[in-house]
Amino acid sequence: MMGEMTRRLPLLLTLALGCAPKEAPDSSAAQETAETSPPLGETAPTTAPTYIVRVTLDGEPAAGAKLSQGGHAARWLTDAAGLAQITPSLDVEGEQVLMASHPEARIGGIYLPDPGDTAPEELLIELSRFLTRDNIEYAFQDPGEPTRNDNTSQCAHCHITLNNAWFESAHRSAAKNPTVLDVYAGLASARADEAACAEAGGEWRAARTPGGEGLSAETCHLGAGVLPDLNPECKDDGLCDPTQTGLCADCHAPGINGRLGGRDLLDATGYAYDFGVHCDVCHKVESVDLSNPNPGVAGALKLLRPAEPLDGPSGPWLPLTFGPYDDVLNPRMGSVARDLFHDGSLCAGCHELRQEVLVPGESVDLSRWPEGRLPIHTTYSEWAASPFAPEVSCGACHMPALGDVGNSADLVNLVDIQPGIAGGWVRPPGSVRDHAWVGPRQPESGMLQLAASLSVVSANSAEGLDVAVTVTNSGPAHALPTGEPMRAVILRVEALCDGAALPAIGGDVVPEWGGAVALRRAGEDWTRFPEAKVGDVLRVVSRTGAFVDYAGWGPFGDGSFDATQKGILEERLVGEAVVLAVTADGLLTLDVPLPEGDAVALIRPSDPDQHALAPGWAFARVLIDKESTPFAPHHAAIDVQSDNRLLPGASATTTHRFAGGCDAPVVRAWLIHRPFPYTLTAERGWASGDQTMTETWR
Amino acid sequence: MRSALALLAAVACTGAPEKAEPPKESGADSSPVEEELAVLVSPAEAIDEDPAPGAFMLTLTAAPAEHVLPGGEIVAGYAYNGQTPGPTIRVSLGDTVTVTLVNQLDQPTTVHWHGLVLPWEADGATWMLGGVAPGASRTVTFRATKAGTFWYHPHMNTDRQVDAGLYGVLIVEDPAEPKVENERVIVLDDWILPQPENGALDSSAPDSASPAPPHAGDGGHGESGEEGLWLVNGRVAPTVEMLSGESLRARIVNVSNRGYVLLGGALGAQIASDQGLLDTPLAPETLLLAPGDRAELLWAMGADGLTVWDLPYSHAGGASVGDEAALFSVAPEGDAAAPEPPAFVHPGGAVSADPGFTALYYTFAGDDGAWFINGEQYPEVTVGQVSAGQAVVIEARNLSAVEHPLHLHGLAFEVLSVNGVAPAARAVEDTLNLRARDRARLLLTPTEPGFWMVHCHILEHEEGGMMTVLEVVEAP
């Protein structure tokens, strides 16, 4: 029986192999395994045989090819003559297969001889180079869905668990995410009728429908957007054909067929729209060019879509898939191993963006940014500069191990499949990683709760209760927050006596952009706030004109910028007052006289997202547009005003003062992760995405 | 592989040190294993060298030894007093313990007293204290202040020295506890058995001069997917022989470098964990022992025997590769009915309230041999500081994809909550397994000033940097 295994399979020409679901164990490979595996209990040789293996690449010796036995950890490398001496393990379950992996060829392999047979003089594995020309005619494959996976053309057919995780991920919805599309097209899609749109100051008129292949519908045009801001012709015509797309689709809809990159996000249809960043896109990445400052499929990511024609059930092109493993022989995959799936560089292809100023008529300030580009997303380089690099790459945290699956093809979940070519090999526990890329968008992952730590020190003094709060980036291998610069982490501090809040009378505050009903500066009328309601709070800060000299990211912390260039004005809380009454014309009656200061914020306590000028602090990379408006969408950015985000392991301490009230006051401090700025959320009508990260009290 | 070896035995040691062999209890280890095949006997106990009451004295010699693996292969290793596990030290609560470590190894070593609260100079860690040089000796003295099952092992080149066989059990008995007719000390360790030389060109050799028996070091239980062969006091699936109608107390210690053992089967009552008697006894269906963990189980045996199983488990996030296997069995002789179990007096304390504040955070992270606490790798670490006598809360977080048993030297802690959920019963530990993404809040009141190690007890992780230092200062 084992003798049958000595024949070599025409592996690269047998393309119908998939993996069989529970209902249909019809894999030819699986059946062959059942026929050829030795019966349990059969006497096995006690000494493993040794073989000489020759590996060729297009007929020439393949030096440096990596040999592996399916299901076993050992690896052997071929020498300059393409030769290696191997001793396979006798303990491997399933098909006995020897494979050769070379970076220029699809993985090839042969069945190992029966150890009891007379050993052949040498074993031969012939590899062929794949074409290195990206094929623009290739159509990205259907990833499938948890409820649509009955066809072997779908990745979900075999990779059930990974597909389930990916389907719930932000990557899957990258092209249809309403907030992305709103900022791209200058819309407020949540304002779903003309009246709501008008009330928010928007304009109700036709726009191209996302994912709709040229269809249009009336929607609410409101606020900044890539299309209207970068394409003047789109300003008044939501149906225009833009010339400037901001490269958004290069990462948010990388699976648009045809030309790679520079595509209009609204051109994404079908799989490209429904599935955003999906299996066949990432696993077509052959290499990552980290020197390319542009992200995505026309920038750092180098995709290689197969170009060898094929007349068979697996489609018009010979499969070609890049992945983390060097021992995947299923011809349906056409696998090639790449380290970029292990070392984080694949992630860098989109999570690192240094952008030129895109606003017409504006340019980057070269005195601040000599490279001529603004740092927008720097997650990868933050990690690369951290103590965790290079060993602890992105997946160590964002792709936790999956239990209950033997390999990425759910091997142990499928009956009637033995480890082998079709179903793959049983991986060591921890090898199969979650494809949900857990992070702030998955609160259940607990990632935010693991990211930062807080400590509080307080003491009563003659002036009141003095509090110091230290925030530490105690988890992530990147800055906190990171990624999209609309994000912020907000610290809030309060003091209580017997459950009643003590008035804040001094100390650091959350910036104005922390959210308020209204903001006023010195010189404006502080007596009348027509927006006010009884119970609202007015908080006043003073400014000395000096700037905070903090240690932030890049030039904000390496000595390149002085405090002024770091862009955060020193401001200290002066006092606060509660609105007791409001006249029809907005004249306020307050519980205490409003102190003098340089700015005041009107806060509505019933809105939990309003934190402007409250005792606390905030950490963010703040982009500004040409009007110096903070938290500009990055397509509209002309500068980075400040960047005080906490680098890995870094701490920042804030100080606060409250009116003394009792002998044993309780101080509460908590951190909030905010995905979008308050003003933008309010403008577009988005739901709040604020999450409490951690809190402490003492 | 395991089934084929199930009836073979065991790990024994040869090549005793120059000093006299320590006396053995009846049926003790280190004799030819075939003669005592599959009988579960406790490791030989240390003999008190000080006849004075209230004092216990022992000379503990670490020396090269040879281990006889199941199947008869002999591999080089280390042993304490010529035996692996080393001699069990049994003292009474309040005793003064004096141990002289004699180093006959070719490298420095120490002895760490895992789980004991004691003066930090005696703790065996090397932060600001050197090891005991080859040929040298060091004497430490401490009082046994807490009843329970503890263990000892080196704290230098820890993964290799423990892996080579240097570990033993220390029992602190409380005279007030009821006597149990039968007691077994059960030391669990997993061994990766020798594989044929595969000639792999990129295989890596051990990076240490220490002996490297195939002993859960490289490619051990869980992380590599390989199940090591779990040995119980050096034996494969041994059986406790006792009389029916009696009770059995098992003091179980997992000394594996990184092997997790998930106990299943008829586990009886769990009466104690790391720090002695539980406040409330438990009746677990399964019991996970991470490296460094201890538990005590109690059975009142009738005529029916029982088996405790090693269930598949991986600390790397998935079900381990391998099948469940018998770990040890109990085979009562006779037809007597099960007796009333001994009446241990459990304190019955409730889980303490979380005070809300956090004094220290320990975030575990890492991958691929690089392991961090708070983004730092030992010895380049920030020394945390707390005051003796003041209650503090430590929040331990695990950001990595694999599990980590957090161990604090010289400090016992109460688990307030894990991921916001308080334990069902009050638990006081010195080693706590952190699953991926766990946030565990721990309450402790330090008593002994000094510099205490805080680390992952997967010893390869510890040696890979996952260790830091907590300084306890005198109360202001």
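Both backbone and side-chain heavy atoms feed into the values below; hydrogens, waters and symmetry mates do not. Convention: sequence-line order gives letters A, B, ...; per-chain numbering from 1.
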Under 4.5 Å from a heavy atom of chain B, the part of Thr694(A) involved: side chain

Greatest number of heavy atom pairs closer than 4.5 Å to chain B - which of Gly649(A), Ser474(A), Ala477(A): Ser474(A)

4.5 Å side-chain heavy-atom contact, Arg645(A) and Thr482(A): yes

Part of Ala452(A) within contact of chain B (heavy atom distance under 4.5 Å): backbone

Mutual orientation of the aromatic rings belonging to His478(A) and His398(A) [parallel < 30°, tilted 30-60°, perpendicular > 60°]: parallel

Asn407(A) and Tyr325(A): CA distance, side-chain angles, deciding distance, side-chain hydrogen bond (donor to acceptor under 3.5 Å, both in side chains) verdict: CA-CA 11 Å; Asn407(A) 68 13; Tyr325(A) 292 118; over 6 Å; no

Contacting region of Val438(A) [heavy-atom separation from chain B under 4.5 Å]: side chain

Atom group of Pro387(A) that falls short of 4.5 Å from chain B, counting heavy atoms: both

Part of Arg668(A) lying under 4.5 Å from any heavy atom of chain B: neither

Charged N-O contact under 4.0 Å between Glu395(B) and Arg397(B): yes

Greatest number of heavy atom pairs closer than 4.5 Å to chain B - which of Gly475(A), Cys397(A), Ser445(A), Ser455(A): Cys397(A)

Donor + acceptor pair across side chains of Ser256(B), Asn254(B) (<3.5 Å): no

SB check Arg75(A) Asp327(A) (cutoff 4.0 Å): yes

Which atoms of Ala451(A) approach chain B - backbone, side chain, both or neither, heavy atom under 4.5 Å: backbone

Contacting region of Leu67(A) [heavy-atom separation from chain B under 4.5 Å]: neither

Min side-chain heavy-atom separation Asp367(B)-His342(A) under 4.5 Å: no

Distance-only polar pair, side chains of Ser458(A) and Arg698(A), donor-acceptor under 3.5 Å: no

Under 4.5 Å from a heavy atom of chain A, the part of Asn419(B) involved: neither

Closest-packed option against chain B by number of heavy-atom pairs under 4.5 Å, given Leu450(A), Thr50(A), Thr696(A), Val432(A): Leu450(A)

Ala73(A) versus chain B, the contacting section by heavy-atom distance below 4.5 Å: neither

